[in-house]
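Scope of the values below: all heavy atoms of this structure, side chains included, with no hydrogens, waters or symmetry mates. We count residues from 1, following the sequence as given.
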Amino acid sequence: FITGGASGIGYQIAKFLTDKGLKIFIADLNEVLLESTAKELGASCGVMDVTSWESQVKVFSKAVAEFGRIDYVYPVAGIGERTWLPPTVMAQFGPNYSRPDLRVLDVNIAGLIYTVSLAVQQFRRQELGPSGYKGKILCAGSVCGIYCCSSLPIYTTSKFAITGLVRSYGKQLPLENITMNAFCPNVVRTSFSSNAFYSKLEKEHLLTPMEGVLEVCGMLLGSDGTSGECFEIGPN
């Protein structure tokens with residue numbers, strides 16, 4: 001079960017798992033792209049708004065009903081930095097205070113925790129699988145959750161939250177035969193930025209190859225018992 005599975009890292013993970021013969025269910029907010037990706041990969045799918053608990057329950061329940069059990073959950077859906085405060089030019093100040101735009105936190109933290117919550121509750125209902133586990137979770141983190149990035153304050157906040165969740169809760173879950181980890185890449189080519197930005201980084205050998213993320217995904221499949229770890233993935 002992969003959130004944000006219609007594009008970017010979510011799509012790459014979906015394709016990677018499909019190529020390994022796994023049955024996958026992808027969830028995404030972009031219905032057109034979701035249906036196109038599902039058709040390409042031969043995957044099941046559901047339109048989902050990760051910020052809505054009701055939407056997540058509906059789509060996750062659909063996946064459970066279709067597959068009978070869920071072995072792997074990948075909370076990948078996320079968004080990048082947004083303007084969260086109005087401009088600080090004195091002439092633009094109004095008489096009232098503006099509410100900050102915290103959608104990044106809604107998607108990247110609350111949305112992810114909703115998905116993790118569904119995964120854990122479902123895993124607890126399942127018997128041990130062939131690998132000896134009830135289920136595994138691999139979250140989308142970032143190096144911004146390991147090192148501070150002053151130009152991306154709210155995004156960095158969201159990714160530090162994921163690091164904290166994985167490093168704490170991920171150490172409890174093995175007691176229930178469940179694991180949870182996170183992959184934390186540097187800049188990966190996705191839809192977050194422009195092609196020009198990624199091309200510049202690639203020329204400077206600063207772009208992180210997708211293979212690093214997929215290597216972590218592959219390593220954690222099956223009987224590997226690692227849990228509570230955040231895997232930093234850099235350009236090299």
Side-chain angles (χ1 to χ4, degrees), residues 2-11 27-31 33-34 46-60 73-120 137-170 180 182-198 200-201 206 208 213 230 232-233:
I2 307 165
T3 70
S7 63
I9 293 176
Y11 164 79
D28 204 285
L29 186 61
N30 188 326
E31 184 174 2
L33 190 58
L34 176 66
V47 178
M48 186 174 80
D49 175 3
V50 295
T51 66
S52 165
W53 170 250
E54 291 75 18
S55 179
Q56 287 221 34
V57 170
K58 179 180 178 181
V59 176
F60 190 79
V73 171
Y74 299 87
V76 179
I79 58 175
E81 188 77 11
R82 300 161 63 99
T83 300
W84 66 289
L85 283 179
T88 56
V89 180
M90 289 299 294
Q92 295 178 335
F93 285 166
N96 302 314
Y97 294 101
S98 298
R99 179 176 178 174
D101 180 350
L102 300 181
R103 182 163 174 77
V104 172
L105 305 185
D106 295 338
V107 174
N108 295 2
I109 300 179
L112 180 138
I113 291 176
Y114 284 164
T115 306
V116 168
S117 172
L118 288 167
V120 171
I137 304 167
L138 181 59
C139 301
S142 169
V143 292
C144 288
I146 299 175
Y147 309 104
C148 292
C149 184
S150 61
S151 62
L152 305 171
I154 306 303
Y155 180 78
T156 296
T157 297
S158 73
K159 293 303 180 177
F160 261 87
I162 294 170
T163 298
L165 177 68
V166 168
R167 287 178 172 171
S168 57
Y169 197 39
M180 180 168 71
F183 58 85
C184 301
N186 207 314
V187 181
V188 177
R189 188 185 292 271
T190 64
S191 60
F192 274 20
S193 297
S194 66
N195 284 329
F197 170 75
Y198 293 125
K200 179 182 178 182
L201 288 183
L206 296 175
T208 299
V213 173
C230 295
E232 181 180 349
I233 305 168

Distance in Å, Arg99 CZ paired with Leu85 CG, rounded so as to fall on 0.5 Å steps: 13.0 Å
Any side-chain heavy-atom pair of Ile154 and Asp101 under 4.5 Å: no
Identify the heavy atoms of Gly145 and Thr163 that sit nearest to each other, and give their distance. O-OG1, 2.9 Å
Side chains of Leu33 and Asp28: does their closest heavy-atom pair fall under 4.5 Å? no
Do the non-hydrogen side-chain atoms of Ser7 and Asn30 ever get within less than 4.5 Å of each other? no
I want to check something: taking the side chain as every heavy atom from C-beta on, are Val73 and Leu118 in contact at a cut-off of under 4.5 Å? no
State, to 0.1 Å, how close Cys139 and Ile162 come at their nearest heavy-atom pair, and which atoms those are. CB-CG2, 4.1 Å
If you round to the nearest 0.5 Å, how far is CG of Asn186 from CD of Glu232? 8.0 Å
Shortest non-hydrogen contact between Gly111 and Gln56, atoms and distance: O-NE2, 2.9 Å
Quick check: closest heavy atoms across Leu138 and Pro75, and the distance to 0.1 Å? O-CD, 3.2 Å
Are any non-hydrogen side-chain atoms of Met180 and Val120 less than 4.5 angstrom apart? no
Just how far is it from atom OG of Ser142 to atom CZ of Phe160, taken to the nearest 0.5 Å? 9.5 Å
Is the CH2 atom of Trp84 crowded by more than 12 outside heavy atoms at less than 6.0 Å? no
Nearest heavy-atom pair of Ala77 and Val50: which atoms, and what distance? CB-CG1, 3.8 Å
Minimum side-chain heavy-atom gap Ile79-Asn108 below 4.5 Å: yes
On a heavy-atom basis, the closest approach of Thr157 and Pro153 is OG1-O, 2.7 Å
Just verifying a value: how many Å separate Thr3 OG1 and Tyr114 OH, rounded to the nearest 0.5 Å? 14.0 Å
Can you measure from OG (Ser158) to CD (Glu81) and round to the nearest 0.5 angstrom? 8.0 Å
